[in-house]
Amino acid sequence: MAKDDDYPRELESLQAALVRFQQAAIKSGEKSLVIFEGRDAAGKDGAIKRITEHLSVRNTRAIALPKPTDRERSQWYFQRYVRHLPGAGEFVLFNRSWYNRAGVEPVMGFCTADEHEAFLRDAPGFEAMLAGSGLKVIKLWLDISRKEQAERLKARETDPLKALKVSPLDAVAQEKWDDYTEARDQMLRRTHTREAPWIIVRTDHKKKARLNTMRYLLKELAPKTIAKSVDKPDPKVVFEFETEALTDGRLDR
């Protein structure tokens, strides 16, 4: 793994590879969706920013939806997300997604127990349909330790450049840590599928997490001629979910 001093060079090399990947995707009509999920302060914004920094503004969209309107709450749950799915040659990244219903909503009481259960039942089928339509779907869970989250949330309170990152939910992220852990575990167990597996990214070290996430995306999405020039992601940082990870220390509790 590169040292911090090598980070700018490694980042630039991976960003250049992402540009080449997108050039090929636009030409071939490939469509890709990357879902970023994780606890507050796990690094979703920073990772997405580095991934998209030099990509086409016409063919790249980073989606971070606000809370649903009354009309959206009356719709089929997945409906407001469907309109943002990519078309040919497009690369879409969800900064939180329909998995709100597997995490923040049940923990904070924003949905009923029946709605939560229905989501866990329906999400695998919905994602299988997306994959079956030719859409490449990657689901990333950015995992952070309780100690690191506390430090990052505290830093937001005093850094004026991070003022827009502050959310009312930050105040209860630590208080409800165990509830979020339980929701995460249930989500991973029930929605990890062959068609749309969960990929875990350990994010206590931001730079390592960003570089390894980019490597993983390139290995999964880019043509072999591009992917072969990219180092494999560090398996200690990025790995496919398996049930044992819930108890063997790879996922923070």
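All values reported here derive from a predicted model rather than from experimental measurement. One is the number of the first residue; the rest follow in order along the sequence.
Under a hydrophobic-cluster definition in which Ile, Leu, Val, Met, Phe, Trp and Tyr are linked whenever side-chain heavy atoms come within less than 4.5 Å, directly or via other members, Trp198 and Ile138 are assigned to different clusters. Hydrophobic cluster membership is shared by Trp76 and Leu120, with clusters built from Ile, Leu, Val, Met, Phe, Trp and Tyr side chains linked at under 4.5 angstrom. Grouping the Ile, Leu, Val, Met, Phe, Trp and Tyr side chains by contacts below 4.5 angstrom, directly or via other members, places Val201 apart from Leu33. Hydrophobic clustering of Ile, Leu, Val, Met, Phe, Trp and Tyr side chains at less than 4.5 Å, counting indirect connections, unites Ile63 with Tyr77. Cluster membership check: Val230 shares its hydrophobic cluster with Tyr7, using side-chain heavy-atom separations under 4.5 Å among Ile, Leu, Val, Met, Phe, Trp and Tyr.
Nearest approach of Met214 to Leu14, heavy atoms of both residues: CE-CB, 3.8 Å. Closest approach of Ala222 to Ala227, counting heavy atoms only: O-CB, 4.1 Å. When all heavy atoms of Asn59 and Gln22 are compared, the closest pair comes out as O-NE2, 3.6 Å. In plain terms, the two heavy atoms of Pro68 and Arg73 that are nearest each other are O-NH1, 2.8 Å. The shortest non-hydrogen separation linking Thr203 to Ala42 is OG1-O, 3.0 Å. Here the closest heavy-atom approach between residue Ala183 and residue Val107 is recorded as CB-CG2, 4.0 Å.
Trp98 has its ring centre less than 6.0 Å from the ring centre of Phe126. Between Tyr99 and Phe94, the distance separating the two ring centers is not shorter than 6.0 angstrom.
At least one cation-pi condition fails for Lys44 and Phe36: the charged atom is not both under 6.0 angstrom from the six-membered ring centre and inside a 45 degree cone around its axis.
Judged by distance alone, the side chains of Gln149 and Gln174 do bring a donor and an acceptor atom under 3.5 Å apart. Between the side chains of Glu127 and Thr193, no donor-acceptor pair of N or O atoms lies under 3.5 Å. Under the 3.5 Å distance criterion, with hydrogens and angles disregarded, a donor-acceptor pair is assigned to the side chains of Thr181 and Arg39. A side-chain donor-acceptor contact under 3.5 Å links Ser145 and Asp204.
Salt-bridge formation is not detected for the pair Arg58/Glu90: no Lys NZ or Arg NE/NH1/NH2 atom is positioned less than 4.0 Å from an Asp or Glu carboxylate oxygen. A salt bridge is absent between Asp252 and Arg146: the closest approach of a Lys/Arg side-chain nitrogen to an acidic carboxylate oxygen does not fall below 4.0 angstrom. Between Arg156 and Asp170 a salt bridge is recorded (basic side-chain N to carboxylate O distance below 4.0 Å). Ion pairing of Arg121 with Glu117 is absent here, as no side-chain N (NZ or NE/NH1/NH2) approaches a carboxylate O to less than 4.0 Å. Under the 4.0 Å criterion applied to side-chain N and carboxylate O atoms, Arg152 and Glu148 are assigned as salt-bridge partners. Taking the charged nitrogens against the carboxylate oxygens, Asp40 and Arg96 do have a contact shorter than 4.0 Å, which makes a salt bridge.
Atom CD of Glu12 has 12 or fewer neighbouring heavy atoms from other residues, nucleotides or ligands inside a 6.0 Å radius. Shown here is Glu182, whose CD atom has no more than 12 heavy atoms of other residues, nucleotides or ligands within 6.0 Å. Other residues, nucleotides and ligands contribute over 12 non-hydrogen atoms within 6.0 Å of the CZ atom of Arg83.
One finds the NZ atom of Lys219 at 7.5 Å from the CG atom of Asp231 (value rounded to the nearest 0.5 Å). Atoms CG and OG, on Asp6 and Ser13 in that order, are 11.5 Å from each other to the nearest 0.5 Å. Between Leu142 atom CG and Ile199 atom CD1 the span is 12.0 Å, to the nearest 0.5 Å. Lys236 NZ to Asn212 CG: the interatomic distance, rounded to the nearest 0.5 Å, is 12.0 Å.
Using a 4.5 Å heavy-atom cutoff, the side chains of Glu72 and Pro66 are not in contact. Between Phe119 and Cys111, the closest side-chain pair of non-hydrogen atoms is not below 4.5 Å. Inter-residue side-chain proximity for His205 and Val237 is flagged as unmet; no heavy-atom pair is nearer than 4.5 Å.
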* Apply the test side-chain hydrogen bond (donor to acceptor under 3.5 Å, both in side chains) to residues Glu37 and Ser97: give CA-CA distance (whole Å), side-chain angles for both, the deciding distance (0.1 Å), then the verdict. => CA-CA 7 Å; Glu37 292 290 342; Ser97 67; 2.7 Å; yes

* Could you walk me through whether Glu242 and Arg250 pass the salt bridge (Lys or Arg N to Asp or Glu O under 4.0 Å) check? -> CA-CA 10 Å; Glu242 53 186 358; Arg250 283 179 289 168; 2.8 Å; yes

* To do: Apply side chain to side chain contact (heavy atoms under 4.5 Å, CB included) to the pair Lys136 and Glu220, showing each step before the final yes or no.
  => CA-CA 9 Å; Lys136 291 190 175 181; Glu220 289 296 308; over 6 Å; no

* To do: Show your reasoning for whether side-chain hydrogen bond (donor to acceptor under 3.5 Å, both in side chains) applies to Glu53 and Gln15.
  => CA-CA 8 Å; Glu53 189 171 5; Gln15 288 175 328; 2.9 Å; yes

* Would you please test His54 and Leu18 for side chain to side chain contact (heavy atoms under 4.5 Å, CB included) and show each step? => CA-CA 8 Å; His54 299 290; Leu18 284 166; over 6 Å; no

* To do: Determine, step by step, whether Lys208 and Asp234 satisfy the salt bridge (Lys or Arg N to Asp or Glu O under 4.0 Å) criterion, reporting the C-alpha distance in whole Å, the side-chain angles of both residues, the deciding distance to 0.1 Å, and the verdict.
  => CA-CA 9 Å; Lys208 284 183 180 180; Asp234 183 345; over 6 Å; no

* To do: Begin from the C-alpha positions of Val172 and Met108 and carry the test side chain to side chain contact (heavy atoms under 4.5 Å, CB included) through to its verdict.
  => CA-CA 9 Å; Val172 296; Met108 297 301 297; 3.7 Å; yes

* Derivation and outcome, side chain to side chain contact (heavy atoms under 4.5 Å, CB included), residues Arg202 and Ile144 -> CA-CA 6 Å; Arg202 303 182 70 177; Ile144 186 172; over 6 Å; no

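The ring pair (Phe, Tyr, Trp, His ring centres under 6.0 Å) analysis of residues 143-186, with sequence neighbours excluded, yields no pairs.
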